[in-house]
Amino acid sequence: MKNPYEDIFEPEEIHVPRGFAWIALVVFLLVCTVPPVWRNVAQLVDGDDGTVAPVEMAVTGKDLQEETLTARLRELEGKIEDAPFTDPPRQTLQEAMTSTVGQGNVKTHIGRDGWLFLRPAVRALTSTGPLDAPALGVASDPNLKNWRRAMPAILQFGADLKERGVELLFVPIPVKPMIYPERIAGEALADGPLRHPDQEEFYRKLREAGIGVLDLVDPLW
């Protein structure tokens, strides 16, 4: 399949010094070898009998077709990510990041006083909204025919229901950062619920189309 994004950016070449390339190679090899060694040492220290199932993936001759081999490699990546020996170094690194700089992971944002927030929920309130064009990503793939933006999909659904004599009531469920913004920005900056800048305009367009909106943010706040 043709890359739909190849014409968006100019091609770039990145050159790195030979010394840096060797350092990166060594770090990569350490990342690959340290977790299983770590597991074996931990088993010896804890007196484990070594019954943890190893990650195995045999590639046969019939798997050498491009599609089959790609699927097998993805399966192997999934097994490695879920392997037990990846937990100790992952937990140690996360504990170090959290204790030193207060950094969460790709899914968790650490707020004030140890409050945890889903990072995509925070990002959804501070990035592009439902009235904007989709950001560069899966949603903007020109080959993705079945994907529709939120506003046109809701309006079409409301119109279909109206033809059948059914009224559509839109009830957005508030996410945690909307109700507890002081746990992210602090008491001084949180004088009300956290809302996306496009929220009121989005609701206005729905109401103009005859779609009811029940906003639960203020009652919960």
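The distance from the CZ atom of R18 to the CD1 atom of I23 is 13.5 Å, given to the nearest 0.5 Å. Annotation: the span from R183 atom CZ to L194 atom CG amounts to 15.0 Å, rounded to 0.5 Å. Rounded to the nearest 0.5 Å, atoms CD (Q199) and OH (Y203) are 4.0 Å apart. Rounding to the nearest 0.5 Å gives a distance of 10.0 Å between CD of E208 and CG of L155.
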After noting the C-alpha distance and the side-chain angles of R204 and D198, does the key distance pass the salt bridge (charged side-chain N to carboxylate O under 4.0 Å, His left out) rule?
CA-CA 10 Å; R204 185 186 65 80; D198 293 342; over 6 Å; no
Are D160 and L168 close enough, and set up right, to give a side chain to side chain contact (heavy atoms under 4.5 Å, CB included), and what steps lead you there?
CA-CA 10 Å; D160 293 342; L168 175 61; over 6 Å; no
Assess the residue pair D215 and R195 against the criterion (side chain to side chain contact (heavy atoms under 4.5 Å, CB included)); give the C-alpha distance rounded to whole Å, side-chain angles, the decisive distance to 0.1 Å, and a yes or no.
CA-CA 11 Å; D215 188 359; R195 303 177 187 270; 3.2 Å; yes
Please determine whether side chain to side chain contact (heavy atoms under 4.5 Å, CB included) holds for the pair T108 and L118, giving the CA-CA distance in whole Å, both sets of side-chain angles, and the decisive distance to 0.1 Å.
CA-CA 5 Å; T108 306; L118 185 66; over 6 Å; no
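Side-chain atoms of T98 and Q103, non-hydrogen and from C-beta on, never get closer than 4.5 Å to each other. In this structure, K205 and E200 have side chains that are not in contact, with every pair of non-hydrogen atoms separated by 4.5 Å or more. With a 4.5 Å cut-off on side-chain heavy atoms, V171 and V213 do not count as touching. In this structure, T126 and H196 have side chains that are not in contact, with every pair of non-hydrogen atoms separated by 4.5 Å or more.
Residue I154 comes nearest to I211 through the heavy atom pair O-CD1, 3.7 Å, listed as atom of the first residue, atom of the second, then distance. D218 and P193 make their closest contact through OD1-CG, 4.0 Å (heavy atoms, listed as atom of the first residue, atom of the second, distance). Nearest heavy-atom pair, P197 versus L125, reported as atom, atom and distance to 0.1 Å: CD-O, 4.2 Å. Taking every heavy atom of both residues into account, H109 and I184 meet most closely at NE2-CG2, 4.1 Å. Pairing each heavy atom of P174 with each of P172, the nearest pair is CD-O, 3.4 Å. When all heavy atoms of W221 and G192 are compared, the pair lying nearest together is CZ2-CA, 3.5 Å.
No more than 12 heavy atoms of other residues, nucleotides or ligands lie within 6.0 Å of CD in E167, so this atom counts as exposed by the packing criterion. Shown here is Y180, whose OH atom has no more than 12 heavy atoms of other residues, nucleotides or ligands within 6.0 Å.
Although no hydrogens or angles enter the test, the distance criterion places a donor-acceptor pair under 3.5 Å between the side chain of R119 and the main chain of N105. For the pair K176 (side chain) and L116 (backbone), a donor-acceptor distance under 3.5 Å is present.
Cluster annotation: V166 is connected to L206 through the hydrophobic network of ILVMFWY side chains, with a link wherever side-chain heavy atoms come within less than 4.5 Å. If you chain together hydrophobic residues whose side chains sit under 4.5 Å apart, F117 and V217 fall into the same group. Criterion: ILVMFWY side-chain heavy atoms under 4.5 Å apart, direct or through other members. Under it, W22 and F28 are part of a common hydrophobic cluster.
Under the 30°/60° scheme for interplanar angles, the aromatic rings of F202 and F170 are found to stand perpendicular.
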